Amino acid sequence: MIFTMVNELFMQNRVSSCITGWVEAYHDRLSSCLMLVENEEKANSFTQPGEIIIFDPSNIERIFKEVL
Amino acid sequence: LLNGSIVIKKEVVDPSEFLKSSYRELKISYPKFFKMDNLCKLAFLSAEVLLKDAGLSSRYTPAETGLIIQNASSSLETDEKHQESISDRGNYFPSPSVFVYTLPNIMTGEIAIRHKIKGKTGYSSAKSPIRR
């Protein structure tokens with residue numbers, strides 16, 4: 001779901017970067033995982049090699065499983 | 001965690017206390033934080049950690065950055081708090097400061113205000129962050 005929404009924004013050139021993820025707070029349950037999505041060339045110019053992860057459904061799911 | 005590295009580690013049971021102490025530990029100065037509900041506080045702090053060294057404003061115009069956030073419980077905790085304040089006709093005291101947080105997309109608004117983001121924003125609800 002998140003992938004579809006964010007990917008659509010990029011495909012339609014509505015954004016060049018996007019903060020996205022999961023933020024949940026209900027009574028004693030807090031969980032959050034945010035990520036910054038950018039076009040590859042912009043991200044490459046700013047980050048160190050190895051810091052970039054391809055924004056695709058399987059990677060998003062893997063990160064959520066690890067963090068949330 | 002930021003890129004796999006621990007930023008804040010706390011053994012706190014109370015969520016409100018965890019959020020307040022994390023705010024202090026991150027050395028943020030943003031008085032409006034204390035007016036937010038826990039959902040917004042968590043979103044706000046998460047964005048602070050994520051964007052601290054991201055150089056977002058130097059690389060993108062405000063309109064170029066978007067915000068899409070998802071969760072399962074929407075703003076239910078604050079919705080319940082608001083409902084309690086209006087359910088008794090003889091004791092009808094809704095609070096404007098609570099009411100403003102009865103929409104889950106306000107967390108995207110709070111982050112957008114803080115980081116001067118003017119691009120597309122959105123919220124969606126899902127049972128789980130992981131496909132089932």
Side-chain angles (χ1 to χ4, degrees), chain A, chain B residues 1-4 13-16 18-19 37-51 53-56 58-61 63-78 80 104 107-108 111-112 115 117 119-131:
Chain A
M1 181 70 163
I2 275 182
F3 172 78
T4 308
M5 292 172 76
V6 174
N7 196 46
E8 197 66 21
L9 288 177
F10 276 93
M11 296 299 282
Q12 293 180 10
N13 289 319
R14 300 282 184 98
V15 296
S16 300
S17 65
C18 189
I19 298 150
T20 191
W22 181 272
V23 180
E24 180 81 286
Y26 185 63
H27 296 298
D28 59 352
R29 191 177 77 230
L30 300 181
S31 61
S32 172
C33 178
L34 290 184
M35 54 194 95
L36 177 61
V37 185
E38 301 178 81
N39 284 318
E40 199 173 354
E41 60 271 24
K42 277 260 191 177
N44 277 334
S45 67
F46 190 75
T47 52
Q48 299 297 316
E51 280 186 351
I52 298 171
I53 294 170
I54 302 296
F55 186 69
D56 65 24
S58 61
N59 277 336
I60 297 167
E61 195 160 317
R62 182 174 58 79
I63 291 167
F64 281 168
K65 276 182 179 168
E66 284 175 13
V67 176
L68 298 174
Chain B
L1 294 174
L2 178 65
N3 292 336
V13 178
D14 179 56
S16 297
F18 169 78
L19 293 165
D37 68 352
N38 281 355
L39 180 67
C40 283
K41 282 178 179 168
L42 181 61
F44 176 91
L45 292 175
S46 304
E48 288 295 308
V49 172
L50 177 70
L51 301 177
D53 297 315
L56 201 67
S58 64
R59 296 187 294 135
Y60 299 103
T61 65
E64 283 181 317
T65 299
L67 261 164
I68 303 285
I69 297 181
Q70 196 171 43
N71 77 8
S73 302
S74 182
S75 54
L76 192 57
E77 188 176 341
T78 301
E80 289 172 349
M107 59 180 154
T108 63
I111 296 170
H115 296 280
I117 293 166
K120 301 290 177 192
T121 68
Y123 161 82
S124 76
S125 180
K127 264 188 180 175
S128 162
I130 299 154
R131 284 176 295 175

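Bear in mind the structure is a predicted one, so any value in this text is a computation, not a measurement. The basis for the numbers below is simple: all heavy atoms, side chains too, and nothing from hydrogens, waters or symmetry mates. Residue numbering restarts at 1 for every chain, and letters A, B, ... go by the order of the sequence lines.
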Interchain contact, B:L45 with chain A, by part (heavy-atom threshold 4.5 Å): neither
Toward chain B, the part of A:L36 with a non-hydrogen atom under 4.5 Å: both
Shortest non-hydrogen separation from B:L50 to A:M35 and the atoms involved: CD2-C, 3.8 Å
CD1-CD distance between B:I69 and A:E24, expressed to the nearest 0.5 angstrom: 12.0 Å
Among the listed options B:L1, B:L39, B:D14, the residue most often paired with chain A at heavy-atom distances under 4.5 Å: B:L39
Distance (rounded to the nearest 0.5 Å) between A:L30 CG and B:L19 CG: 5.5 Å
Interchain contact, B:L51 with chain A, by part (heavy-atom threshold 4.5 Å): side chain
CG-CD1 distance between A:N7 and B:I68, expressed to the nearest 0.5 angstrom: 11.5 Å
Smallest separation among heavy atoms of B:N71 and A:W22, with atom names: C-CH2, 3.5 Å
Minimum-distance pair of heavy atoms, taken over all atoms of A:F64 and B:P129: CD1-O, 3.3 Å
Heavy-atom pair count under 4.5 Å with chain B, highest-scoring of A:I60, A:V15, A:I63, A:V67: A:V15
Residue list, side chain to side chain donor-acceptor pair (under 3.5 Å) with A:S32, at least two apart or on another chain: B:S46
Those residues that, when tested against A:E61, pass side chain to side chain donor-acceptor pair (under 3.5 Å) (two or more places apart): B:R131
Winner by heavy-atom pair count (cut-off under 4.5 Å) against chain A, out of B:V49, B:N38, B:L76: B:L76
Distance, nearest 0.5 Å, that separates OG of B:S125 from CE of A:M1: 8.5 Å
Heavy-atom pair count under 4.5 Å with chain A, highest-scoring of B:K41, B:E80, B:H115: B:E80
Heavy-atom side-chain contact between A:S17 and B:R59 under 4.5 Å: no
Distance in Å, B:Q70 CD paired with A:I2 CD1, rounded so as to fall on 0.5 Å steps: 4.0 Å
Which atom of A:L34 lies closest to which atom of B:A47, heavy atoms considered: CD1-N, 3.7 Å
Sole candidate of A:M5, A:E8, A:Q12, A:R14 that passes side-chain contact (heavy atoms from CB on, under 4.5 Å) when paired with B:K120: A:R14
B:E77 side-chain N/O to A:H27 backbone N/O, donor-acceptor pair under 3.5 Å: yes
